[in-house]
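Each chain gets a letter, A, B and so on, in the order the sequences are listed, and its residues count up from 1.
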There are 2 protein chains.
Amino acid sequence: MVMRMNVTIKDVAKRANVAPSTVSRVIADSPRISKETKERVWKAMEELGYYPNAIARSLASKVTNTLGLIMPRSTEEAFSNPFFPEVMRGISVVAHREKYDLLLSTSGNKEEEKEAVIRMVKGKRVDGIILLSSRTTDELIPWLRDEKFPFVVIGKPLDARGVYWVDNDNIGASKLATNYLIKHGHREIAFISGSLEYVVSLDRLDGYKLALEENGLTFKRELVEQEEFSEDGGYRAMMKILERAKPTGVVVTDDVMAFGVIRATIDKGFRVPEDISIVGFNNIPLSAFANPPLTTIDISTFELGIKSAELLIARLKQKEIESDHIIVPVKLIERKSCVSR
Amino acid sequence: MVMRMNVTIKDVAKRANVAPSTVSRVIADSPRISKETKERVWKAMEELGYYPNAIARSLASKVTNTLGLIMPRSTEEAFSNPFFPEVMRGISVVAHREKYDLLLSTSGNKEEEKEAVIRMVKGKRVDGIILLSSRTTDELIPWLRDEKFPFVVIGKPLDARGVYWVDNDNIGASKLATNYLIKHGHREIAFISGSLEYVVSLDRLDGYKLALEENGLTFKRELVEQEEFSEDGGYRAMMKILERAKPTGVVVTDDVMAFGVIRATIDKGFRVPEDISIVGFNNIPLSAFANPPLTTIDISTFELGIKSAELLIARLKQKEIESDHIIVPVKLIERKSCVSR
DNA sequence: CTGAAAGCGCTAACAT
DNA sequence: ATGTTAGCGCTTTCAG
């Protein structure tokens with residue numbers, strides 16, 4: 001029976017006839033160690049099947065080589081919207097390239113979310129944090145800023161002073177969507193978004209208003225509705241609007257919601273796009289296959305993930321950073337859910 | 001200027017007039033500490049804003065309260081298929097409930113995947129591992145088994161001895177899909193799956209063969225094709241089949257691939273379902289919105305995640321485990337992509 | 001019920 | 001170029 005104790009740096013040191021610190025340096029591939037000793041140490045590591053203990057390493061060096069990911073609200077919900085996997089895909093590409101692992105917090109609500117962040121930061125489990133979406137009411141951002149802990153947020157925070165963030169130009173994107181409808185002859189344009197708790201909703205509402213204004217159209221309260229980010233939310237919002245107004249076009253700030261909007265439109269006896277044109281946001285994979293295929297604003301979700309990870313890692317490595325934020329471009333994808341009037 | 005040193009267990013001990021070990025016991029809520037001391041220590045922790053350093057804790061106790069997630073192949077690809085986010089959703093629900101965090105490895109290929117696992121296991125960064133999909137060629141499973149490291153794999157491994165796993169009855173599921181087509185009068189049924197490197201592909205191929213056999217139909221090589229798990233893979237597979245055979249129905253073991261199959265069918269001048277019926281697998285959200293809406297086998301992806309996490313955690317907590325594997329039920333979702341002949 | 005002390009496995013001054 | 005020596009912050013015998 002083999003009682004296989006864990007082989008540590010000491011065992012390697014002994015076998016290679018060097019000091020533990022030398023082994024440590026070899027692991028870090030320090031240039032101040034002679035080629036010969038390195039070889040000798042490598043050989044010893046090989047023979048003993050040595051592998052560094054990352055935890056001990058972290059404790060001593062205060063570096064974890066891992067990035068914390070904070071999902072919005074419940075992790076469970078987050079994975080339901082294709083937006084998040086896509087952002088994570090971007091993040092994981094960069095993390096992999098830069099040799100970072102990813103620690104996912106699993107939280108269920110606002111309090112737990114805060115808890116999760118504290119656990120990561122004070123627990124010293126990560127080198128930096130990416131916040132996947134900011135709410136205006138978020139107390140996390142000031143907290144992290146005060147802790148002087150490196151983090152970047154996806155989505156421009158209300159108070160962006162001293163915080164690094166990555167986002168689209170949401171005002172511009174929303175103007176783009178609205179103008180598209182206006183150019184196609186629409187005058188009564190509805191606007192459906194997620195809760196105004198989210199800065200992104202606020203900004204897109206502004207973009208919508210601006211587009212109306214610049215085209216001499218008047219803003220009408222009854223054409224605007226907020227609901228939760230889900231198919232059902234979109235459905236409910238559109239039902240409410242159709243009960244009090246007659247839009248010919250609608251801007252919906254989330255494709256998943258847009259599916260609900262389409263469903264509501266049909267349920268109310270209208271056709272898409274013949275009676276009502278719809279433009280969505282995010283260009284999720286589903287939107288190309290919807291019926292009709294959805295015209296939508298592609299916000300480069302993948303890129304949002306890429307850039308946020310790059311920005312965070314640049315910060316961690318104390319690289320020169322040009323700006324404390326990055327704007328990722330959007331583009332309008334024309335499909336079949338809009339028509340001229 | 002405040003030089004805020006990290007407050008440690010020692011500071012708390014000093015302030016509460018106890019020994020560090022006592023503070024440690026209070027953190028663990030040991031019953032051998034008097035109520036009074038506990039209160040005193042809690043107060044001191046509160047006042048100093050103390051928070052345990054998880055890394056130091058892990059080093060000393062050899063427990064991380066973290067589960068490692070190993071994605072198949074590249075993490076990037078994984079996030080492209082809705083299957084994985086959905087599994088992760090299930091895992092995260094349980095992890096959250098049981099107070100575990102999730103560590104995601106970011107790997108790009110087979111070697112890096114192995115590297116990632118070693119880094120997690122030998123680096124002592126996680127208490128257990130969930131393997132999100134097994135290939136027949138997987139050397140990870142024997143390795144983990146030999147290391148006696150707790151892990152569970154989603155997808156029955158080829159050699160399941162001594163390994164814990166969670167899966168559907170893939171043979172049965174595939175029979176279900178194939179029989180459905182047979183019952184609807186189809187005789188020439190094609191079968192498209194991912195690489196036979198995956199046990200799941202093998203099993204589903206077996207199920208398909210069994211269904212044919214039990215119904216007196218002969219298996220034809222030219223009706224079978226393997227390709228990668230993507231829309232494009234499905235497209236290519238179907239193109240190849242249509243160049244040499246005339247199926248009236250096809251079983252595709254992945255919805256994303258099924259979309260490609262539909263596209264190929266149309267490109268070849270056939271209609272779905274009038275000319276060719278299609279049954280998919282996974283019931284991803286997209287499949288309900290496809291054109292036509294896809295009839296598919298729902299494999300309870302979310303449940304797969306739930307069960308795998310529960311099984312792993314039960315193992316970590318040395319709970320009684322009834323069986324070393326869990327079979328999650330499937331069901332057929334009838335939509336519009338199939339028709340009787 | 002609590003304290004003292006020895007690690008956990010590694011890194012990082014500081015020497016040499 | 002390499003060794004010595006303290007820790008990193010916590011847990012855990014072992015005493016008492």
Of K319(B), K317(B), R97(B), which meets salt bridge (Lys or Arg N to Asp or Glu O under 4.0 Å) against E310(B)? R97(B)
May I have the distance from R32(B) (atom CZ) to dA15(D) (atom P), rounded to whole angstrom? 14 Å
Inter-residue atom distance N53(A).CG - K124(B).NZ, 0.5 Å rounding: 6.0 Å
Whole Å only: how far is the NZ atom of K122(B) from the C1' atom of dC10(C)? 16 Å
Which of residues 54-65 of chain B sit near DNA chain C, with a heavy atom under 4.0 Å from it? L59(B), A60(B), K62(B)
Rounded to the nearest 0.5 Å, how far apart are CG of L158(B) and OH of Y198(B)? 13.5 Å
Whole angstrom is fine here: how far is it from NZ in K10(B) over to C1' in dT11(D)? 14 Å
Send over the distance from I33(A) CD1 to dA12(C) C1', rounded to a whole Å. 13 Å
Mind calculating the distance between NZ (K14(B)) and C1' (dG9(D)) to the nearest angstrom? 14 Å
Could you tell me whether S24(B) contacts a base, only the sugar-phosphate backbone, or nothing, with contacts defined as non-hydrogen atoms closer than 4.0 Å? base
Which part of the nucleic acid does V18(B) contact within heavy-atom distance under 4.0 Å: base, sugar-phosphate only, or nothing? sugar-phosphate
Rounding to an integer number of Å, can you tell me how far I9(B) CD1 sits from dA4(C) C1'? 14 Å
Thinking salt bridges, do K99(A) and E115(B) make one under a 4.0 Å N-O criterion? no
Side-chain ion pair, R40(B) and E36(B), N-O less than 4.0 Å: no
Base, sugar-phosphate, or nothing: which does S21(B) touch, judged by heavy atoms less than 4.0 Å apart? base
Are F83(B) and F229(B) close enough that their ring centres sit under 6.0 Å apart? no
Has the side chain of R25(A) got a donor or acceptor that lies under 3.5 Å from a partner of the other kind on the base of dT11(C)? no
May I ask you to say what D11(A) touches in the nucleic acid, namely base, sugar-phosphate or nothing, with a heavy-atom cut-off under 4.0 Å? nothing
Could you tell me how far apart M45(A) (CE) and dG9(C) (C1') are, to the nearest whole angstrom? 15 Å
Using a cut-off of less than 4.0 Å, is there contact between a side-chain N or O of Y51(B) and OP1 or OP2 of dC10(D)? no
Here the distance between atom C1' of dC8(C) and atom NZ of K124(B), to the nearest Å, is 11 Å
Kindly indicate, with the supporting measurements, whether the criterion side chain to side chain donor-acceptor pair (under 3.5 Å) is fulfilled by T64(B) and D127(B). CA-CA 6 Å; T64(B) 62; D127(B) 296 339; 2.8 Å; yes
Donor-acceptor pair under 3.5 Å, R40(B) side chain vs dT2(C) base: no
